[in-house]
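Taking it in order: structure first as C-alpha cells, then the write-up.
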Amino acid sequence: MPTKELSNPCMECKDVEATLDIRKRQLCSDCYKRFLAYKIIRRTDGYRFKKNQSTRPKLLLPLSLGVSSSVLLHVLDSQIQRQLAKPIGAKVPFDLLVFVIEPSTIATSDNLHQQNYDLVLERFSTHAHTRLSIHDIFDYIPDMKEVMLEYAGSQFVDDSSKSNKDRLAAFRNSITTATSQTDLDYVLLTRLIVAVAQKNECEAIVWGDSDTRLAAKALAGVSKGRGASMTWQVSDGMSPWGIRFEFPLRDLYKTELEQYESLCQELSGVVIPDPPLPDNVLTKNLSIDELMMRYVQTQGAKYPGVMANVARTANKLQPSSSDDSITCSLCGGLIGNVKGNTGVTVTSQSGGNQGSKFCYGCIRSRPDPTR
Ligand SMILES: [Zn+2]
Ligand SMILES: [Zn+2]
C-alpha cells in the first residue's frame, strides 16, 4: 500500500507517481524500463546455456552507437549483470560479442566517436568487443575483391597497388545514385557483420532494428527489387549463411527507445544522435532507404498501428521453398526465387572462373555502363 497519497500513481507498481505514458499506460521510470526490457528479453529467450551444452551460446550485437542498438546492448547487458550479481547459481544465458564498424569508414558518416566508444568499453566491460573498418571486408571475405570487380563491370578500373581502403572507396564512387550507394553499403555491412559472427562462432546476430526501422526496410526493400531477401532482412530466422538473424526490438517504436535511453545513465555520452535532416533537402537527393525512414517516422507518429502492421506482416514471410539454392555472389540472397527472375550471370573479366551470379536487387544498383 502506498504510504502517501499519490495524484497519479504508476499503474504497475502503484508506489510512485507515474511520469511516462506508454501504450495508454502511465508508468514510473523504473516500470517503463522494465516494460521495454521485457519486450526485448522475451525475444532472446530461446538462447540459453543448456545443461547438455559445453559452451554458452554466443550472440553478436552490431552496435552502430545509434539509439536502438545502444538500448539493445543496455537491456541485454542488464539481464546478464542481474545473473552475475547472484551470490550463487548465476545463470548467464549467453555471451555477447559487441561489434562496431568504424563510422568514419562508411561514407555517409564522418562522426568522431572515439569518446563514445571508450565509454562503451568502460561501461559494458563484461562482454567481448571488436571494432573494424568497412574495408576490412577484404580480409574477412577473400573473394570479395573478385566479386566486386565482376559486379562493377568493365568501366571500373581497380588499382591493386592501392590500399584496401582506397580500393573500396573507388568502387563505391563508381556507383552513381544515392539509392544504389546506400543499398550497397547495407549489403557490404551485412556481409562483414556475418563474416565476423562466423569467425567468432556466434549462433545468432541480434540486430538493433526498431519496429520503425523494420517497416522502413520492408517498404524500401520491395521498391528496390529486393523483395526476395526480405525474409531474412526483416524476419527472425535463419539467414543464407547458416547464422540466425534476430530482431528483438521489433515490437518497439523508435520514440519508445529514445525515451528508454533518456532514462539510462549508462547510455549518456554513448549514443550518437541522428544528424537532423534539413526540411528543405531535395527528395531526389535522398536514397529510397532515407525516404522510407522519413516517411515511416512521420506517418508512424500519426498512425503507429499501421507501421507496426507493416513490420508484423513482413515477419510472417516464409523463405522460398525453391530447390534452386543458387545465391547472389554479392548480397547472398537467393537468385531464382522470384518468378521469371533467374538472376544475371556476369562473366569474370579475368576469365579465371565461371563468373558470378547476381540477384535482381544487386543488378539494379550496379554502376551504369552507359555513363
Ligand atoms: Zn512503477
Ligand atoms: Zn544480390
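As the structure lists them, so they are numbered: ligands from 1, and atoms in each ligand from 1. The shown structure was predicted, so the numbers you read here are calculated from the model rather than taken from an experiment.
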- Message: Listing by chain and number, which protein N, O or S atoms are under 2.8 Å from the Zn ion (ligand 1)?
- Response: C10 SG, C13 SG, C28 SG, C31 SG
- Side-chain ion pair, R34 and E12, N-O less than 4.0 Å: no
- Task: Quick one: sort the Y117 and H113 rings into parallel, tilted or perpendicular, breaks at 30° and 60°.
- Result: tilted
- Task: Taking the six-membered ring for Trp and the single ring otherwise, decide whether the centroids of F99 and H129 are under 6.0 Å apart.
- Result: no
- Message: Between D209 and R213 (salt bridge meaning N to carboxylate O under 4.0 Å), is one present in this structure?
- Response: yes
- Message: For Y253, give me all partners under ring pair (Phe, Tyr, Trp, His ring centres under 6.0 Å), at least two apart in sequence or on another chain.
- Response: none
- Item | N-O pairing of R42 and D251 below 4.0 Å | yes
- Parallel, tilted or perpendicular: which describes the rings of W207 and F247, with under 30° parallel and over 60° perpendicular? parallel
- Taken by chain and residue number, the protein N/O/S atoms under 2.8 Å from the Zn ion (ligand 2) read C328 SG, C331 SG, C359 SG, C362 SG
- Item | Those residues that, when tested against R131, pass salt bridge (charged side-chain N to carboxylate O under 4.0 Å, His left out) (two or more places apart) | E102
- Can the ring centroids of F49 and F94 be said to lie less than 6.0 angstrom from one another? no
